[in-house]
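Reading through the C-alpha cells given below for one structure.
For reference, positions follow the sequence shown, starting with 1.
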Amino acid sequence: QVQLVESGGGLVQPGGSLRLSCAASGFISSINAMGWYRQAPGKQRELVATITSGGTTNYADSVKGRFTISRDNAKNTVLLQMNSLKPEDTAVYYCRCLVARGGYWGQGTQVTVSS
C-alpha cells in the first residue's frame, strides 16, 4: 500500500521559513504529479503548490513568490520551501500524490505561524 510521510512542520515566527518534505513509499509504478494542500480550521482544503514529474509547477496566488515546490522523481519525494511566512499560512499541510489510477493523501503536518 502507498504511504505518504510528511515532515518539517512546526511553529515559526512571521517572516520565518520552514521546509516541508513528503516521501512516497510502497509500490508505485509512476507518479504523475505531487503537491501540497492546506486546510485551516473551519475552511476547505486548498491548493498550495503542485509539480508534475516533468517539473511543471503551479502555485496558489497567495503563496506565489514566497513558496517553492521541488521534487526528486527517483526518490518519489516532494519538498515545499516556505519563506516569508505569514500568520494566514497557519494550517495543516497535506501532501498529495497523483498516479494514473488515482491519488493519495498524506496524514498532514501542522504549520503554525505566530509571534
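- Asn32 CG to Arg101 CZ: the interatomic distance, rounded to the nearest 0.5 Å, is 12.0 Å.
- Remark: Ser115 pairs with Pro14 by the side chain to side chain contact (heavy atoms under 4.5 Å, CB included) rule, at least two apart or across chains.
- With values rounded to the nearest 0.5 angstrom, Ile51 atom CD1 is found 8.0 Å from Thr56 atom OG1.
- Around the CD atom of Gln44, the shell of radius 6.0 Å holds no more than 12 heavy atoms that belong to other residues, nucleotides or ligands.
- With values rounded to the nearest 0.5 angstrom, Leu18 atom CG is found 9.0 Å from Thr109 atom OG1.
- In this structure, CD1 in Ile31 is found 8.5 Å from OG1 in Thr77, a value given to the nearest 0.5 Å.
- Through side-chain heavy atoms spaced under 4.5 Å, either directly or across other Ile, Leu, Val, Met, Phe, Trp or Tyr residues, Leu98 is tied to no other residue.
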Query - Derivation and outcome, side-chain contact (heavy atoms from CB on, under 4.5 Å), residues Leu11 and Ser114 - result: CA-CA 7 Å; Leu11 174 64; Ser114 176; 4.3 Å; yes
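- Tyr37 is linked by a ring pair (Phe, Tyr, Trp, His ring centres under 6.0 Å) to Trp105, counting only residues two or more places apart in sequence or in another chain.
- Residues Met34 and Ile69 form no side-chain contact, since every pair of their non-hydrogen atoms from C-beta on lies 4.5 Å or further apart.
- Side chains of Met82 and Arg66 form no contact here, defined as non-hydrogen atoms less than 4.5 Å apart.
- Linking ILVMFWY side-chain heavy atoms closer than 4.5 Å, directly or via other members, places Leu20 and Leu79 in two distinct hydrophobic clusters.
- Panel note: side chain Arg71, backbone Ser53; a donor-acceptor pair is recorded below 3.5 Å.
- Counting only residues at least two apart or in different chains, ring-ring contact (aromatic ring centres under 6.0 Å, His included) contacts with residues 42-97 are absent.
- The side chain to side chain donor-acceptor pair (under 3.5 Å) check on Ser25 picks up nothing, with sequence neighbours excluded.
- Minimum heavy-atom separation, Lys43 to Gln39: O-NE2, 3.0 Å.
- Note on Tyr104 and Val48: same hydrophobic cluster, where clusters join Ile, Leu, Val, Met, Phe, Trp and Tyr whose side-chain heavy atoms are under 4.5 Å apart, directly or indirectly.
- Nearest heavy atoms, Ala49 versus Leu80: CB-CD1, 4.2 Å.
- In terms of the side chain to side chain donor-acceptor pair (under 3.5 Å) criterion, residue partners of Gln107 (sequence neighbours excluded) are, by chain and number, Glu6.
- Applying the disulfide (SG to SG under 2.5 Å) definition to pairs two or more places apart or across chains, none involves residues 35-94.
- For Ser17, the side chain to side chain donor-acceptor pair (under 3.5 Å) partners are Asn83, not counting sequence neighbours.
- Remark: Arg45 engages no residue in a salt bridge (Lys or Arg N to Asp or Glu O under 4.0 Å) (not counting sequence neighbours).
- Separating the OG atom in Ser62 from the CG atom in Leu47 is a distance of 9.0 Å, to the nearest 0.5 Å.
- By the side chain to side chain donor-acceptor pair (under 3.5 Å) test, Thr52 is found to be paired with no residue, residues two or more places apart in sequence or in another chain being considered.
- Among residue pairs with one or both ends in residues 68-89, none qualify as ring-ring contact (aromatic ring centres under 6.0 Å, His included); sequence neighbours excluded.
- Linking ILVMFWY side-chain heavy atoms closer than 4.5 Å, directly or via other members, places Val92 and Val78 in two distinct hydrophobic clusters.
- Within the structure, every pair that satisfies the disulfide (SG to SG under 2.5 Å) test and touches residues 29-110, not counting sequence neighbours, is listed here: Cys22-Cys95.
- Closest of all the heavy-atom pairs between Ala91 and Gln110 is O-NE2, 3.4 Å.
- For the residue pair Leu4 and Ala24, the shortest heavy atom distance occurs at CD2-CB, 3.4 Å.
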